[in-house]
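These numbers were taken from a predicted model, which means no experiment stands behind them.
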Amino acid sequence: MAPPRIYAHRELPPIDEEIAGEQVVEAASDPIPYVWTERDALWQRCHDSLMRRAHERIEQEVIRLGGSSAHLLEEIIEPKIDHATEQYQLVGRFAFVMYRTPGASSVPGTNRPA
């Protein structure tokens with residue numbers, strides 16, 4: 001089985017897909033050392049890691065729920081600074097609509113609808 005396709009904000013899933021619900025996942029980037037003088041570059045250094053992890057989490061959730069694709073609707077990304085450990089990371093919440101291929105099982109691992 002191919003991994004689910006994730007469509008970004010303006011991309012649209014195939015018209016024959018059925019809506020199977022709206023979901024939210026959370027993800028965090030890898031923490032990196034917080035250096036105040038480099039604060040402008042920290043966001044970009046963490047953003048790629050955050051988006052990779054968010055994509056993985058959305059794929060996992062779509063597979064777990066028996067979907068075939070997802071359309072990302074909203075992302076809320078915030079920086080997190082842990083002054084005790086001097087670590088910086090980005091955390092995000094990602095809302096998406098999950099789609100299912102018509103006639104496909106809605107219960108993962110079975111051939112019957114839920």
Side-chain angles (χ1 to χ4, degrees):
M1 181 174 163
R5 173 88 163 94
I6 299 173
Y7 298 90
H9 304 282
R10 291 185 181 181
E11 298 175 319
L12 296 175
I15 197 161
D16 61 340
E17 296 265 300
E18 296 176 345
I19 294 176
E22 190 170 325
Q23 306 294 326
V24 175
V25 297
E26 296 181 352
S29 68
D30 296 321
I32 60 173
Y34 178 68
V35 180
W36 188 83
T37 57
E38 298 175 14
R39 66 189 178 280
D40 294 335
L42 295 176
W43 180 280
Q44 190 57 45
R45 286 182 54 198
C46 287
H47 188 263
D48 293 341
S49 169
L50 172 65
M51 296 312 286
R52 184 176 56 253
R53 286 187 175 189
H55 191 274
E56 290 169 359
R57 285 286 300 121
I58 292 169
E59 276 187 351
Q60 290 170 350
E61 197 65 6
V62 170
I63 290 169
R64 184 182 75 80
L65 296 171
S68 57
S69 64
H71 180 218
L72 185 61
L73 299 176
E74 179 182 48
E75 56 189 65
I76 300 170
I77 300 173
E78 297 179 342
K80 178 182 172 189
I81 302 169
D82 184 340
H83 293 287
T85 61
E86 297 182 352
Q87 296 287 303
Y88 178 92
Q89 70 183 146
L90 295 177
V91 293
R93 289 177 51 91
F94 301 85
F96 63 94
V97 172
M98 186 179 75
Y99 291 86
R100 186 173 291 125
T101 303
S105 169
S106 55
V107 178
T110 70
N111 292 324
R112 61 182 174 77

Check [X] against [Y] and note the closest heavy-atom contact, atom names and distance.
X	Y	answer
S29	C46	CB-O, 3.3 Å
F94	I58	CB-CD1, 4.3 Å
M98	V62	SD-CA, 3.9 Å
A27	L50	O-CD1, 3.4 Å

Could you list all the side chain to side chain donor-acceptor pair (under 3.5 Å) pairs where at least one residue sits in residues 12-23, not counting sequence neighbours?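 Counting only pairs at least two positions apart or across chains, the side chain to side chain donor-acceptor pair (under 3.5 Å) contacts touching residues 12-23 are E17-S68, E17-S69, E17-T101.
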Looking at residues at least two apart in the chain, or sitting in another chain, which of them share a side chain to side chain donor-acceptor pair (under 3.5 Å) with E38?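 Per chain and number, E38 pairs via side chain to side chain donor-acceptor pair (under 3.5 Å) with no residue.
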For Q60, enumerate each residue passing the side chain to side chain donor-acceptor pair (under 3.5 Å) test, keeping only those at least two apart in sequence or located in another chain.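 Once residues adjacent in sequence are excluded, the partners of Q60 under the side chain to side chain donor-acceptor pair (under 3.5 Å) criterion are R57.
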Is the backbone N or O of G66 less than 3.5 Å from a side-chain atom of R100, with the two atoms forming a donor-acceptor pair by type?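 Yes, the answer is positive, given that a donor and an acceptor are paired below the 3.5 Å cut-off.
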Less than 4.5 Å apart, side chain to side chain, heavy atoms only: is that true for I81 and W36?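 The answer is no, as the side chains (C-beta and beyond) never meet within the 4.5 Å cut-off.
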H47 versus L90: any side-chain heavy-atom pair under 4.5 Å?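 Answer yes - side chains close enough.
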Identify each donor-acceptor pair in which a side-chain atom of residues 70-79 lies under 3.5 Å from a protein atom, sequence neighbours left out, and give them as a table.
unit_1, atom_1, unit_2, atom_2, d
H71, NE2, A8, O, 3.4
H71, NE2, H9, O, 2.9
H71, NE2, E11, O, 3.0
E75, OE1, H9, NE2, 3.2

For T85, give me all partners under side chain to side chain contact (heavy atoms under 4.5 Å, CB included), at least two apart in sequence or on another chain.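 Expected list: D82, Q87.
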More than 12 heavy atoms of other residues, nucleotides or ligands under 6.0 Å from CZ of R5: is that the case?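 More than 12 within 6.0 Å, yes.
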Group every Ile, Leu, Val, Met, Phe, Trp and Tyr by side-chain heavy-atom contacts under 4.5 Å, then state whether Y7 and V25 land in the same group.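 No; V25 is not reachable from Y7 via cluster members.
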Mind jotting down which residue pairs meet the salt bridge (charged side-chain N to carboxylate O under 4.0 Å, His left out) criterion with at least one end in residues 47-56? Sequence neighbours excluded, please.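 For residues 47-56, and leaving out neighbouring residues, the salt bridge (charged side-chain N to carboxylate O under 4.0 Å, His left out) pairs sorted by first residue read D30-R52, D30-R53.
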Let's go through F96 and I6 carefully: what are the C-alpha distance in whole Å and the side-chain angles of both, what is the deciding distance for side chain to side chain contact (heavy atoms under 4.5 Å, CB included) to 0.1 Å, and is it a yes or a no? CA-CA 9 Å; F96 63 94; I6 299 173; over 6 Å; no
Fellow cluster residues of L12, listed by chain then number, with links counted only when side-chain atoms sit under 4.5 Å apart: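 So far as hydrophobic clustering goes, L12 is joined with none.
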